[in-house]
Amino acid sequence: MSTNQQRSFFFNVDWLMVFLYLALCAIGLLNIHSAVFDDKHPGFLDLSTDYGKQLIYIIIGITVGIVILLLESRFFSALSPFFYCITVLMLMLVLVVGRNVGGNQAWISLGGGFRLQPSEFAKLTTCLLLARYLSGTNIKVTDTRSFLVAGAIIGFPMLLIMLQPDAGSTLVFSSLIFVLYREGLSPYFLILEGLFIALFVLTLKLNNTMLLSGILVGIAALIILVTRRNRKLMKVIAIGAGICIAFVFSVNFLYTKVLKPHQKVRIDIVLGITSDPKGKGYNVNQSKIAIGSGKMWGRGYMKGTQTKYSFVPEQGTDFIFCTVGEEWGFAGSVVVLGLYLFMVLRIIRMAERQRSPFSRIYAYGVASVIFFHVIINIGMTIGIVPSIGIPLPLISYGGSSLLSFTVMLFILIKLDSNRMGII
């Protein structure tokens with residue numbers, strides 16, 4: 001590949017991915033306009049409104065995307081440690097000078113009503129540094145040292161974000177386990193993660209750590225009895241049972257001593273432990289009413305009653321999917337979900353056609369983060385996961401979220417355009 005080709009804006013660009021990006025941005029702008037419409041400021045160019053600001057964010061995002069496509073592909077791998085360090089410093093800074101919004105000290109005020117959320121960009125830089133590290137010579141996630149270093153790259157920003165505290169953004173980083181799995185991590189880790197999720201739910205549902213621990217001991221004893229001739233397996237089962245019991249007690253400690261009251265109530269509502277449709281469960285209850293009222297074809301653009309009368313708080317940000325469901329109906333919701341599914345599958349296809357390990361690993365990181373955001377955000381609006389406050393990619397209002405996903409996707413598009421080269 002010639003140098004001129006590498007620097008050409010039009011060379012080998014995946015325009016289908018660009019179209020998906022623009023389509024989701026347009027859908028987001030229209031739904032934000034409907035969700036927070038102000039009769040006194042109807043125009044999209046009015047910066048006193050959220051939809052006016054979102055249009056500016058989109059224009060800035062497209063401009064940044066063009067600049068990224070004009071850069072050398074090696075730029076992103078070479079400077080990934082620098083980008084990572086910058087976002088880590090910003091995550092530290094926000095704990096000191098950050099603005100508290102909704103109980104989370106996660107924003108740095110930029111003046112003029114604009115704010116910066118470092119945790120959004122930390123997802124991007126973590127994907128970049130993780131890709132650089134795992135693509136290094138003689139690095140295998142099956143080696144203990146490599147696994148621990150990769151875990152530290154993911155875990156350090158998680159710790160800083162948890163201190164804000166922002167549980168939603170923290171959990172997003174856990175999706176990067178799929179990247180490690182693609183690079184050779186044993187599937188038993190995924191099974192273990194599923195087991196821990198099941199134990200988490202059972203611990204809270206039973207509300208009796210001693211009973212659950214006794215059940216685990218009984219199951220382990222039964223398995224050991226059946227496999228008593230295999231001493232190695234018996235040892236593994238015994239250790240596994242001990243880890244599970246320790247996890248059960250840690251969940252109980254986390255739930256009773258660490259989580260804030262509103263976080264516990266949200267979890268209790270999702271698990272059916274309690275019901276509070278007029279209190280802590282109000283958002284989710286109104287969200288489900290809004291989505292259900294849309295029926296098959298929706299009420300029509302800017303005709304949603306739940307939307308117009310502001311029954312659902314945060315409807316332009318975390319609960320933006322309610323507007324889609326109410327005004328566009330089941331059909332419109334399927335279209336939006338279909339666009340996300342197509343995007344994630346397209347990213348995976350792009351990942352598998354890369355010659356560069358860095359590009360492949362980075363692409364899987366992008367797919368994991370977007371997939372997690374979509375599943376959790378929509379699951380939150382329909383009441384099947386706790387309300388943890390993460391945006392719907394490219395659709396929810398917010399400059400930090402939009403710009404971070406824009407940069408994330410356009411770096412991937414640039415890397416893919418140079419997939420026959422070496423990074």
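Worth saying up front: this structure is predicted, and the values here are computed from it rather than measured. Residue numbers start at 1 and run along the sequence shown.
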> Step by step, would you call Met343 with Leu24 a side chain to side chain contact (heavy atoms under 4.5 Å, CB included)?
Replying inline: CA-CA 10 Å; Met343 174 176 279; Leu24 289 170; 3.7 Å; yes
>> Working note: Gln354 + Tyr362, criterion side chain to side chain contact (heavy atoms under 4.5 Å, CB included); need CA distance, chi angles, decisive distance, verdict.
In response: CA-CA 10 Å; Gln354 303 303 311; Tyr362 174 74; over 6 Å; no
>> Quick one, Ile62 with Leu22, criterion side chain to side chain contact (heavy atoms under 4.5 Å, CB included). Give me CA distance, side-chain angles, the key distance, then yes/no.
In response: CA-CA 9 Å; Ile62 293 172; Leu22 293 174; 3.9 Å; yes
> How far apart are the C-alpha atoms of Ile413 and Val18, what are their side-chain angles, what is the distance that settles it, and do they pass the side chain to side chain contact (heavy atoms under 4.5 Å, CB included) test?
Replying inline: CA-CA 8 Å; Ile413 293 170; Val18 174; 3.9 Å; yes
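No side-chain heavy atom of Ile361 sits less than 4.5 Å from a side-chain heavy atom of Arg182. Side-chain atoms of Tyr51 and Ser34, non-hydrogen and from C-beta on, never get closer than 4.5 Å to each other. When side chains are defined from C-beta on, Ser401 does not count as touching Tyr57, because their heavy atoms never get closer than 4.5 Å. A 4.5 Å side-chain heavy-atom check between Leu180 and Leu176 finds every atom pair outside the cut-off. With a 4.5 Å cut-off on side-chain heavy atoms, Ser417 and Leu69 do not count as touching. Here the side chains of Phe121 and Leu403 are in contact, with some heavy-atom distance below 4.5 Å. Side chains of Val374 and Val344 form no contact here, defined as non-hydrogen atoms less than 4.5 Å apart. Under the 4.5 Å side-chain criterion, counting only non-hydrogen atoms from C-beta, Phe173 is in contact with Ile161.
One distance of note links CG of Leu91 with CG of Leu159; it measures 10.5 Å at 0.5 Å rounding. To the nearest 0.5 Å, atoms CD1 (Ile291) and CD (Glu327) are separated by 12.5 Å. From Ser73, atom OG reaches atom CD1 of Ile68 across 11.5 Å, with rounding to the nearest 0.5 Å. Taking CZ of Arg346 as the reference point, atom CG of Leu409 lies at 13.0 Å (rounded to 0.5 Å). Note that CD1 of Ile154 is 5.0 Å distant from CG of Leu130, once rounded to the nearest 0.5 Å. Distance check, rounded to the nearest 0.5 Å: CG of Leu20 to CG of Leu16 gives 5.0 Å.
Around CZ of Phe19, the count of heavy atoms belonging to other residues, nucleotides or ligands within 6.0 Å does not exceed 12. Heavy-atom neighbours of Phe247 CZ from other residues, nucleotides or ligands within 6.0 Å: above the threshold of 12. The number of heavy-atom neighbours closer than 6.0 Å to CZ of Phe330, taken from other residues, nucleotides and ligands shown, is 12 or below. Around CZ of Phe82, the count of heavy atoms belonging to other residues, nucleotides or ligands within 6.0 Å does not exceed 12.
Between the side chain of His373 and the backbone N or O of Pro391 there is at least one donor-acceptor pair closer than 3.5 Å. Panel note: side chain Asp166, backbone Ser169; a donor-acceptor pair is recorded below 3.5 Å. A donor-acceptor contact shorter than 3.5 Å links the side chain of Ser80 to the backbone of Ser77. Remark: side-chain polar atoms of Asn31 are paired, donor with acceptor, to backbone N or O of Ile27 under 3.5 angstrom. Using modelled atom types, one side-chain atom of Asn377 and one backbone atom of Asp318 make a donor-acceptor pair closer than 3.5 Å. Between the side chain of Arg132 and the backbone N or O of Ala78 there is at least one donor-acceptor pair closer than 3.5 Å. With hydrogens and angles ignored, the 3.5 Å screen pairs a side-chain donor or acceptor of Tyr84 with a backbone N or O of Ile153.
In the model, Gln117 has a side-chain atom that pairs as donor or acceptor with a side-chain atom of Ser119 under 3.5 Å.
Annotation for Ile108 and Met90: closest pair CD1-O, 4.3 Å, computed over non-hydrogen atoms. Considering all non-hydrogen atoms of both residues, Ser396 and Gln54 come closest at O-NE2, 3.4 Å. Counting all heavy atoms, side chain and backbone alike, Ile58 lies closest to Tyr21 at O-OH, 4.5 Å. Ala363 approaches Leu412 most closely through the heavy-atom pair CB-CD1, 3.5 Å. Contact record, Leu128 with Phe358: O-CE1, 3.5 Å, taken as the closest heavy-atom pair. Between Leu160 and Leu95, the shortest heavy-atom contact is O-CD2, 4.1 Å.
Between Tyr301 and His33, the ring planes are parallel. Angles under 30° get that label, and only those over 60° would be called perpendicular.
Ionic pairing of Lys123 and Glu120 is present here: one or more N-O contacts between side-chain nitrogen and carboxylate oxygen are shorter than 4.0 angstrom. Arg353 has a carboxylate O that lies under 4.0 Å from a charged side-chain N of Asp14, or vice versa, which qualifies the two as a salt bridge.
For Phe83 and Phe76, the ring centers are positioned 6.0 Å apart or more.
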